[in-house]
Amino acid sequence: MSGVIVTDPPKAAAEDVEALAGFGVATVSEAMGRTGLLGPEIRPVQQGVRVAGTAVTVLSWPGDNLMIHAAVEQCGEGDILVVTTTSPCTDGLFGELFATALKQRGVRGVVLNTGIRDTQELRDMDFAAWSRAVSAQGTVKATGGSVNVPIAIDGQVIRPGDVILADDDGVVVVPRERAREAAERSAAREDKEAATRAAFIDGQLGLDRYGLRDKLKELGVEYRSYEEYAEESP
């Protein structure tokens with residue numbers, strides 16, 4: 001397998017990345033029309049952490065982490081490393097030594113469509129990580145791949161410089177051209193949710209706020225007292 005290492009790709013503006021960092025993954029995905037989510041199998045190794053950054057992408061051979069070593073050189077302040085393989089792989093391609101090198105370069109975290117190991121050490125050093133599996137299985141460094149090329153994870157295309165937002169709920173990718181729009185739409189959604197939250201605290205029901213009583217009637221859902229229901233039941 002031959003490959004390419006692309007240097008200095010375009011990135012989302014730092015101010016737009018920071019704006020998106022203020023919102024949760026669910027909010028951003030909803031604001032973008034329920035798009036951009038990686039699958040639910042990509043899970044955090046820690047809890048209570050949210051990061052946002054620009055993607056440095058890696059396409060590796062299964063069981064081989066050579067191209068992660070190559071990618072470290074391309075990583076810098078505010079980046080998030082995103083790794084996938086040419087076919088499914090759950091081996092532990094990434095661990096504490098990689099995290100040490102990346103943290104020194106200002107990288108905010110890693111998202112792996114593969115396995116990860118040294119999870120306790122990663123938590124101890126406050127290096128944020130999301131992965132498809134946890135595995136102590138080691139790897140080789142023998143096959144070429146690519147860095148900073150478009151990759152796909154769970155049907156979502158991730159290009160170098162796109163925004164990656166990750167938290168306890170999962171991971172979402174925002175195309176770099178849409179970063180500002182996504183931040184603005186997320187802010188509007190949060191304002192709307194704040195108004196709904198206040199209404200719920202005040203005692204309003206979702207059935208009424210969202211006009212769902214008519215929907216229930218339209219679907220033929222009826223209210224019955226317990227006595228009526230008991231009499232009608234066989």
Side-chain angles (χ1 to χ4, degrees), residues 1-14 16-17 20-21 25 28-29 31-43 51-91 93-94 98 102 105-116 128-133 139 141-167 170-183 185:
M1 176 183 175
S2 59
V4 62
I5 298 172
V6 179
T7 62
D8 300 317
K11 296 182 178 183
D16 296 332
V17 176
L20 284 167
V25 164
V28 172
S29 177
M32 294 196 304
R34 297 183 179 176
T35 63
L37 283 177
L38 305 194
E41 292 82 10
I42 306 290
R43 302 301 304 150
V51 297
T54 45
V56 172
T57 61
V58 179
L59 179 62
S60 288
W61 197 260
D64 193 314
N65 67 5
L66 172 62
M67 298 314 295
I68 299 180
H69 283 279
V72 171
E73 184 181 27
Q74 303 305 315
C75 290
E77 188 72 36
D79 286 333
I80 292 178
L81 187 68
V82 186
V83 180
T84 193
T85 49
T86 56
S87 61
C89 172
T90 58
D91 295 345
L93 266 66
F94 186 98
F98 271 138
L102 290 174
R105 300 177 76 86
V107 173
R108 294 174 178 174
V110 65
V111 174
L112 298 148
N113 191 29
T114 65
I116 196 170
W130 286 255
S131 70
R132 184 168 296 275
T139 59
K141 302 164 180 61
T143 313
S146 294
V147 176
N148 278 335
V149 298
I151 61 175
I153 298 177
D154 294 331
Q156 301 297 328
V157 175
I158 303 166
R159 302 167 304 161
D162 285 346
V163 182
I164 299 294
L165 177 67
D167 62 17
V171 182
V172 65
V173 55
V174 179
R176 56 181 182 261
E177 300 90 347
R178 296 190 62 192
R180 178 168 299 183
E181 172 198 353
R185 292 189 176 211

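By the 4.5 Å heavy-atom criterion applied to side chains, K11 and D79 are counted as neighbours. The shortest distance between side-chain heavy atoms of V72 and F98 falls below 4.5 Å. A 4.5 Å side-chain heavy-atom check between V173 and V171 finds every atom pair outside the cut-off. Residues V51 and W130 form a side-chain contact, since some pair of their non-hydrogen atoms from C-beta on lies under 4.5 Å apart. V111 has its side chain within reach of I164: a pair of non-hydrogen atoms, C-beta onward, lies under 4.5 Å apart. A 4.5 Å side-chain heavy-atom check between N113 and I42 finds at least one atom pair inside the cut-off. Using a 4.5 Å heavy-atom threshold, the side chains of L102 and L81 count as touching.
For S146 (side chain) and G3 (main-chain N/O), no donor-acceptor pair under 3.5 Å exists by modelled atom type. Put simply, the side chain of R108 gets close to the backbone of A52: a donor and an acceptor are under 3.5 Å apart. A donor-acceptor pair under 3.5 Å is formed between the side chain of D64 and the backbone N or O of L66. R159 contributes no side-chain N or O that, together with a main-chain N or O of P175, makes up a donor-acceptor pair within less than 3.5 Å. With hydrogens and angles disregarded, a donor-acceptor distance shorter than 3.5 Å links the side chain of T57 to the backbone of V149.
Across all their heavy atoms, L93 and C89 have their closest contact at CD1-SG, 3.8 Å. Among all heavy-atom pairs drawn from I158 and A55, the shortest one is CG2-CB, 4.0 Å. G161 approaches T54 most closely through the heavy-atom pair O-CG2, 3.8 Å. The shortest non-hydrogen separation linking A182 to A31 is O-CB, 4.5 Å. Taking both residues in full, the closest heavy atoms of D154 and L38 are given as OD2-C, 3.8 Å, listed atom of the first, atom of the second, then distance. Residues P150 and P160 approach most closely at N-CD, 4.1 Å, considering heavy atoms.
Partners of S29 under the side-chain contact (heavy atoms from CB on, under 4.5 Å) rule, at least two apart in sequence or in another chain, are L37, V172. Remark: D167 engages V25, R50, D169 in a side-chain contact (heavy atoms from CB on, under 4.5 Å) (not counting sequence neighbours).
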Original post:
Is there a side chain to side chain contact (heavy atoms under 4.5 Å, CB included) between I5 and Q74 once you walk through the steps?
Top reply: CA-CA 9 Å; I5 298 172; Q74 303 305 315; 3.9 Å; yes

Original post:
Stepwise, does the side chain to side chain contact (heavy atoms under 4.5 Å, CB included) test hold for L59 with M67?
Top reply: CA-CA 7 Å; L59 179 62; M67 298 314 295; over 6 Å; no

Subject >> Derivation and outcome, side chain to side chain contact (heavy atoms under 4.5 Å, CB included), residues L165 and V174 >> reply: CA-CA 8 Å; L165 177 67; V174 179; 5.8 Å; no

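Taking CG of N65 as the reference point, atom CG of L112 lies at 10.5 Å (rounded to 0.5 Å). Between atom NE2 of residue H69 and atom OG of residue S60 there is a gap of 10.0 Å, rounded to the nearest 0.5 Å.
Checked against D16 for a side-chain hydrogen bond (donor to acceptor under 3.5 Å, both in side chains), the options R176, R178, R180 give a single hit: R180. Under the side chain to side chain contact (heavy atoms under 4.5 Å, CB included) rule, V82 has a single partner from V58, V110, I153, which is I153.
Pairs of residues two or more places apart, or lying in two chains, that qualify as side-chain hydrogen bond (donor to acceptor under 3.5 Å, both in side chains) and include a residue from residues 33-43 are E30-R34.
Side chain to side chain, D91 and T139 fail the donor-acceptor criterion of an N or O pair below 3.5 Å.
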